[in-house]
Amino acid sequence: MRVVFLGTPEFGVPSLRALKEAGYNVVGVFTQPDRPKGRGNKMLPSPVKECALSYGIPVFQPLKIRVDGVEDLRSLKPDLCVTAAFGQILSQEILDIPTIGTVNVHSSLLPKYRGSAPINWAIAEGETVTGVTTMMTDRGLDTGDILLKKEVEILPGETAEELTARMAPIGAELLIETIRRIEAGNCPRIKQDETEATYYPMLKKEMGDIDWRLPAEKIVCLVRGLTPWPGTSFVWGEGETVKVWKAEVAENPGMTPGSIIASDAKRGLVIAAGENAVRIIELQAPGGKRMQAVDYLRGHPAAWQRCEMKEERHG
RNA sequence: CGCGGGGUAGAGCAGUUCGGUAGCUCGUCGGGCUCAUAACCCGGAGGUCGAGGGUUCAAGUCCCUCCCCCGCAA
């Protein structure tokens, strides 16, 4: 069976690797073009590209696969296409190429959390269980028929980064099982229940702006869900943006949201929220690296003076 | 060469403008006080100031080169 894999970030790597190790004939890999990344704008290949090259699989990086990737894909004569966090929308023309169809590995329990950032959103919404779903890709956004699902528990305090790393191999395993059952002709295939469906948008930088009027519980979940990107932050005093890496719910003696309840090395950094308060455990100041909040306070003994929070940030 | 911030004791920082004995908070070690404590008091250890070169009587500080870390941009 000729398989073409489409994926970009780290999440897809275990799936690609699993296909190879299960002995499938991966005849080509599509991934996002190398883009200038990081300091100095160095061009960096995607994790999936690196993995593909290590296996000697031909790599294709069309800017828009539905425009300039169609012929390449067709020439590979795939029986099956597999997508895992590819990052581009497939056209019907593309979907029609593989004879069996296109299987997508999606990191939520569909039809919940459709969209490009299901793991982040599941955590941000305070879920305790999520999962991976394999589905037949169709024209819609994560709307295709469900093949197999596997639940994954979200651990207390777990960040999107940690959970993604944990779910990627689970997705890979489910993918192989899915393909085996497709080959065997006994793979379930059920339509998604549209009444149960939820869609969540792409992550944007501004989503990480902390609104202290929200309940502390909500803010803490947002911090976990948006780690490491886009991250959560708030503005401290005179325009200094402080990034929050780790936080927990603390008690609020009744102070107004955004005011500082504590900021010393003994009690830590505690800020009042709409309900309860948020203790910031790990933070990152401009130009600095992430550090324990108490460490930051040691070097900035007057930090408490800059306590006017901007409460009217993004409504 | 995309833009910017930074590297000083185990941790976090000040000192660099204008060269002149290496400082602060915390931790750590020893001692003391207390029914007791994340409290308090006294004392000690711990630093090639990222690396190399240059200027100077004298460089953490001025000049040149390099290395490393971080933010923006996705």
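Throughout, protein chains are lettered first and strands after them, A, B, ... in sequence-line order, and every chain is numbered starting at 1. Just so we're clear, the structure is a prediction, and the values are computed from it rather than from any experiment.
Here the closest non-hydrogen pair linking A:Lys218 and A:Ala124 is NZ-O, 3.9 Å.
Going from the P atom of B:G53 to that of B:A39 covers 46 Å, rounded to whole Å. Straight-line distance between the C1' atoms of B:U48 and B:G43: roughly 28 Å, to the nearest whole Å. One P atom belongs to B:C69, the other to B:G32, and the distance between them is 47 Å to the nearest Å. Remark: the separation of the P atoms in B:A22 and B:C13 is 23 Å, to the nearest Å. For B:U55 and B:G12, the C1' atoms lie 34 Å apart once the distance is rounded to whole Å.
Partner assigned to B:C72 is B:G2, using Watson-Crick or G-U wobble distances below 3.5 angstrom. In this structure, B:U56 makes no Watson-Crick or G-U wobble pair, since no nucleotide meets both defining distances under 3.5 angstrom.
Taking only side-chain nitrogens and oxygens, A:Lys205 comes nearer than 4.0 Å to OP1 or OP2 of B:A73. Taking only side-chain nitrogens and oxygens, A:Gln284 comes nearer than 4.0 Å to OP1 or OP2 of B:G71.
Counting only heavy atoms from C-beta on, A:Met291 has its side chain closest to B:C13 among B:C13, B:C69, B:A11. Here the nucleotide nearest the side chain of A:Arg39, chosen from B:C13, B:C70, B:C72, is B:C70.
The environment of A:Lys149 atom NZ is dense: over 12 non-hydrogen atoms of other residues, nucleotides or ligands sit within 6.0 angstrom.
Of the candidates A:Glu196, A:Glu125, A:Glu127, A:Lys112 forms a salt bridge (Lys or Arg N to Asp or Glu O under 4.0 Å) with just one, namely A:Glu196.
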